[in-house]
K.L.:
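Right, I'll just put the structure down here and ask away after.
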Protein chains: 4
Amino acid sequence: MPTKKKPLAPVAAPARRRELLDKAANVFAAVGYTATTVRRIADDAGMLAGSLYYYFESKDAMLEEILRTFLDELWEAYDAVLDAGLSPRVTFEALVVESFRAIDRHRPAVEIYQNEAKQLVAQDRFLFLDASQTKFEKAWLSTLERGVAVKEFRADLDTRVTYRFVRDTVWVAASWYRPNGRYSPEEIARQYLSMVLDGIAVRDEQQAHAEPHTRSRT
Amino acid sequence: MPTKKKPLAPVAAPARRRELLDKAANVFAAVGYTATTVRRIADDAGMLAGSLYYYFESKDAMLEEILRTFLDELWEAYDAVLDAGLSPRVTFEALVVESFRAIDRHRPAVEIYQNEAKQLVAQDRFLFLDASQTKFEKAWLSTLERGVAVKEFRADLDTRVTYRFVRDTVWVAASWYRPNGRYSPEEIARQYLSMVLDGIAVRDEQQAHAEPHTRSRT
Amino acid sequence: MPTKKKPLAPVAAPARRRELLDKAANVFAAVGYTATTVRRIADDAGMLAGSLYYYFESKDAMLEEILRTFLDELWEAYDAVLDAGLSPRVTFEALVVESFRAIDRHRPAVEIYQNEAKQLVAQDRFLFLDASQTKFEKAWLSTLERGVAVKEFRADLDTRVTYRFVRDTVWVAASWYRPNGRYSPEEIARQYLSMVLDGIAVRDEQQAHAEPHTRSRT
Amino acid sequence: MPTKKKPLAPVAAPARRRELLDKAANVFAAVGYTATTVRRIADDAGMLAGSLYYYFESKDAMLEEILRTFLDELWEAYDAVLDAGLSPRVTFEALVVESFRAIDRHRPAVEIYQNEAKQLVAQDRFLFLDASQTKFEKAWLSTLERGVAVKEFRADLDTRVTYRFVRDTVWVAASWYRPNGRYSPEEIARQYLSMVLDGIAVRDEQQAHAEPHTRSRT
DNA sequence: TATGAATGAGCATTCATTCAT
DNA sequence: AATGAATGAATGCTCATTCAT
């Protein structure tokens with residue numbers, strides 16, 4: 001998406017661009033997009049606020065590029081999984097793993113996405129977020145539904161509600177996950193899958209517990 | 001909670017205050033705190049921006065009152081559960097139910113909390129969020145640990161990771177839950193508990209699946 | 001100056017008016033007119049800001065009345081002195097004494113006058129300050145000039161410059177004079193007159209000192 | 001005197017800063033600090049209000065710099081005088097001369113000081129005004145007391161009252177003195193000293209007048 | 001490549017004032 | 001005689017953005 005009226009960064013210098021976007025993403029994630037000043041980003045990059053406009057059209061444009069880059073890479077991985085012809089359960093597991101890998105590689109972008117997407121979709125510039133969201137929902141929901149159909153997933157769950165729970169469960173991890181921390185993305189994924197697939201309760205023969213006591217509370 | 005010098009809304013008129021806080025909370029939740037202008041709140045309330053200051057000291061003060069009100073009510077419910085001497089699993093279930101009830105009653109406040117808490121704790125005025133957070137973690141974590149001890153919860157899960165998983169999943173529901181929607185908070189809680197306690201996978205199959213395929217991927 | 005459109009204080013209740021003006025004058029003097037909020041005055045008077053408008057047309061109107069009252073009383077005393085047919089020197093002394101008495105009785109008003117008059121005269125409402133100022137200058141200047149003419153005052157002083165020094169000398173005392181303090185207004189006047197009339201230097205026969213060393217500095 | 005985070009006017013461009021402070025000082029002096037809007041200062045400088053913040057942290061910061069610059073220069077001159085080992089009377093004369101020179105060079109700052117100092121000292125930022133005030137009083141008072149001790153000044157005057165008298169008279173001159181007017185600062189100082197040291201009354205007359213008529217009035 | 005200086009729109013907040021009760 | 005609630009204009013200040021150099 002080169003040149004409009006101003007020349008902008010001469011297409012070259014993409015390394016510096018990436019570097020700047022990286023700084024920006026970290027600040028956006030840490031402070032929130034609205035609360036982040038262009039000056040703050042420039043400070044982090046060791047330049048003056050105005051100088052950023054040599055590389056980017058606007059603050060919004062920086063945000064857009066950060067999110068696009070993240071989503072492009074995410075979908076590459078997702079599409080590979082979805083096109084692999086795996087069983088629903090294995091697909092489910094693979095999607096979770098890829099999600100944690102995306103968090104690992106694009107933590108700031110994921111956090112920004114989580115915090116800001118809702119407001120952003122109101123702007124034309126960020127309509128692509130909506131498209132991604134829709135595609136995302138379709139991928140997960142159909143995986144769940146196929147799983148129910150082939151009896152890999154329980155039939156008594158509302159798939160839409162389950163979808164939301166699972167989706168949030170995965171992505172919210174970006175708020176506390178730290179790359180190079182105790183667990184690799186694959187290990188975190190394993191734990192998550194263990195919980196989501198098999199539950200946290202100890203299994204036993206009597207079904208008593210299967211029906212939580214909430215019923216009597218309503 | 002009386003104020004410094006200004007009498008402000010003469011202590012009476014608490015109805016109007018609550019009404020205004022309600023409008024404010026909805027805007028804060030929908031648009032984000034920083035992005036919300038007091039003009040916007042005033043517009044929604046049918047008054048001029050300056051008039052809000054008859055009732056509230058500042059925009060921050062509104063936010064504080066919104067969050068305090070929510071947390072106060074949440075802790076009343078939580079404390080009742082925690083002091084009831086229930087088994088870990090029943091405690092867990094009850095906490096989940098109360099959480100969804102809080103979301104039902106204070107959805108905007110919960111959403112604000114989710115989105116803004118991280119930035120807010122840097123301000124003295126919002127240190128109480130940190131205190132609440134700590135107490136919250138203690139309550140959940142100890143419930144999980146007690147559950148593991150008495151073999152109501154699986155011993156092979158990292159309790160801290162499980163805690164985050166549960167915490168996030170529950171509260172993130174505020175972003176999509178709509179009061180008066182299809183499900184009551186208790187019904188949502190039931191579905192959630194069903195998933196979290198027992199997993200979404202169909203049981204009593206071969207144990208092969210218990211070990212997800214991720215291992216072979218790293 | 002009764003009623004314009006609004007009834008205002010029913011002409012009666014002049015005691016309450018005076019009380020309120022007194023509070024107002026003290027705040028104006030202490031904090032400065034612009035920096036004084038109507039709310040602050042009302043607080044001091046134990047009422048709400050809006051309630052002041054039952055008694056006064058506006059904040060400006062309060063200020064006007066405070067200054068008018070002061071100047072009216074000052075001129076009554078000044079006129080008595082000026083009309084008494086006294087010698088220039090005795091007139092001078094009497095004017096100084098009356099000035100300190102005015103400070104004693106209207107300290108806040110004097111302070112306000114000192115601080116604000118310059119800005120106020122730009123407004124029509126306060127043109128009377130200019131008139132008073134002119135009359136004031138005439139009274140003092142002519143006294144000084146008459147004194148020079150009859151050789152009661154030194155002929156080698158620039159009367160305009162001397163006028164300004166004397167004028168300021170007297171009135172600036174309002175900034176530190178405290179009624180009921182160590183000195184009565186008459187005693188302060190005596191000290192001031194002693195300095196201004198006879199100087200603070202010890203008198204001696206040689207005139208050497210009469211010519212300060214500043215000449216060699218220019 | 002570097003600033004917190006913002007580099008502000010990149011340390012260079014001190015000429016523009018001084019120019020702007022000059023405009024600001026004139027407005028502060030003419031209109032009063034509180035009554036001065038930053039828009040007004042910006043107008044005078046031919047820029048927009050917000051642009052001032054490229055050079056200065058705040059309106060307060062401008063005021064501070066104006067007053068500090070003035071006081072720094074004043075104390076340089078005062079200290080030179082005080083350290084010169086002059087007799088009390090010559091010290092007195094020299095301090096007066098330096099005061100009028102300061103008025104000549106920093107008239108707006110002096111006027112601002114006169115009008116605003118009392119309110120400003122309440123703020124931490126302006127505590128240095130208090131320090132200067134204390135040092136100032138010590139310098140003048142000790143000069144007067146030394147003068148009394150060596151019989152250069154009359155012993156029958158209250159030195160504190162005399163101090164205030166002299167202090168006020170000198171500085172209030174800033175309200176009417178106009179640089180490039182009829183008199184140089186040295187000439188004004190000469191006239192002032194003539195009055196204050198020797199009095200305005202014609203000497204060697206009968207002593208009857210030495211005791212003003214006030215006594216009979218109390 | 002970047003800076004320095006400025007813009008202009010917008011923001012939270014203050015405050016004198018109004019007026020029905 | 002005073003209150004409670006609101007107005008509306010102004011204020012100090014911030015910030016994304018521009019552009020000549």
Side-chain angles (χ1 to χ4, degrees), chain A residues 5-7 9-10 12-13 16 34-42 45-62, chain B residues 6-10 12-13 16 34-42 45-62, chain C residues 5-10 12-13 16 34-42 45-62, chain D residues 6-10 12-13 16 34-42 45-60 62:
Chain A
K5 28 181 80 171
K6 288 190 301 173
R16 189 85 173 104
T34 327
T36 298
T37 68
V38 156
R39 156 114 83 158
R40 168 70 193 277
I41 299 169
M47 47 170 41
L48 290 177
S51 307
L52 285 173
Y53 290 80
Y54 176 75
Y55 296 95
F56 307 101
E57 211 187 25
S58 66
K59 192 185 168 192
D60 271 17
M62 299 178 79
Chain B
K6 308 200 205 175
L8 284 190
R16 189 86 172 102
T34 325
T36 299
T37 68
V38 300
R39 269 162 180 78
R40 169 67 194 279
I41 299 171
M47 48 171 34
L48 288 174
S51 307
L52 286 173
Y53 291 80
Y54 179 74
Y55 296 94
F56 307 100
E57 218 187 19
S58 65
K59 192 185 165 193
D60 269 20
M62 291 189 216
Chain C
K5 26 181 80 171
K6 288 191 300 175
L8 282 192
R16 190 85 172 103
T34 327
T36 298
T37 68
V38 156
R39 157 115 80 159
R40 166 71 193 276
I41 299 170
M47 48 172 38
L48 289 177
S51 307
L52 284 173
Y53 290 79
Y54 177 75
Y55 295 96
F56 306 100
E57 212 188 25
S58 67
K59 193 186 168 191
D60 271 17
M62 300 179 80
Chain D
K6 305 198 208 176
L8 283 190
R16 189 87 173 100
T34 326
T36 299
T37 68
V38 299
R39 271 160 179 78
R40 168 67 194 277
I41 298 171
M47 48 171 33
L48 288 174
S51 307
L52 286 173
Y53 291 81
Y54 178 73
Y55 296 94
F56 307 101
E57 218 185 19
S58 66
K59 191 186 166 192
D60 269 19
M62 291 189 217

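Throughout, protein chains are lettered first and strands after them, A, B, ... in sequence-line order, and every chain is numbered starting at 1.
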K.L.:
On a plain distance test, is the side chain of B:Arg39 in donor-acceptor contact with the base of E:dG10 below 3.5 Å?
P.N.:
no

K.L.:
If you measure from CE on C:Met62 to CG on C:Leu52, what distance do you get to the nearest 0.5 Å?
P.N.:
5.0 Å

K.L.:
Under a 3.5 Å cut-off for both contacts, is E:dG8 paired Watson-Crick or G-U wobble with anything, and if yes, with which nucleotide?
P.N.:
F:dC15

K.L.:
Under 4.0 Å between any heavy atoms, over every strand shown, what does A:Thr37 touch: base, sugar-phosphate, or nothing? Just pick one.
P.N.:
sugar-phosphate

K.L.:
For A:Met47 and B:Lys59, find the nucleotide of DNA chain E closest to each by heavy atoms; which residue's nucleotide sits nearer the 5' end?
P.N.:
A:Met47

K.L.:
For F:dT18, take OP1 and OP2 only and decide whether either is under 4.0 Å from a side-chain N or O of A:Tyr53.
P.N.:
no

K.L.:
What does A:Arg16 touch in the nucleic acid at a heavy-atom separation under 4.0 angstrom: a base, only the sugar-phosphate, or nothing?
P.N.:
sugar-phosphate

K.L.:
Expressed as a whole number of angstroms, how long is the span from D:Leu48:CG to F:dC15:C1'?
P.N.:
14 Å

K.L.:
Just the rounded figure in Å: distance from P of F:dT11 to CD1 of D:Ile41.
P.N.:
12 Å

K.L.:
Which nucleotide sits closest to the side chain of B:Val38: F:dG12, E:dA12, F:dA5?
P.N.:
E:dA12

K.L.:
Can you work out whether B:Ser51 or D:Ala49 has the more 5'-proximal nearest nucleotide on DNA chain F?
P.N.:
B:Ser51

K.L.:
What I'd like to find out is whether the side chain of C:Met47 reaches to under 4.5 Å of the side chain of C:Tyr55, using heavy atoms alone.
P.N.:
yes

K.L.:
Starting at the 5' end of DNA chain F, which residue's closest nucleotide do you reach first, B:Leu52 or D:Gly50?
P.N.:
B:Leu52

K.L.:
Counting Watson-Crick and G-U wobble pairs only, both distances under 3.5 Å, name the nucleotide matched with E:dT14, or none.
P.N.:
F:dA9

K.L.:
Nearest 0.5 Å please: distance from the NZ atom of B:Lys59 over to the OG1 atom of B:Thr37.
P.N.:
7.5 Å

K.L.:
For a quick check of understanding: with a heavy-atom distance under 4.0 Å over all strands, which category does C:Thr34 fall into, base, sugar-phosphate or nothing?
P.N.:
nothing

K.L.:
Using every non-hydrogen atom in the two residues, find where A:Ala49 and A:Arg39 come nearest and quote the distance to one decimal.
P.N.:
CB-CA, 3.9 Å

K.L.:
Of the listed nucleotides (F:dT17, F:dA5, E:dT13), which one gets closest to any side-chain atom of A:Ser58?
P.N.:
F:dT17

K.L.:
Tell me the interatomic distance from B:Tyr54, atom OH, to F:dA5, atom P, rounded to whole angstroms.
P.N.:
4 Å

K.L.:
Start at the 5' end of DNA chain E and walk down; is the nucleotide closest to D:Tyr55 or to C:Asp60 reached first?
P.N.:
D:Tyr55

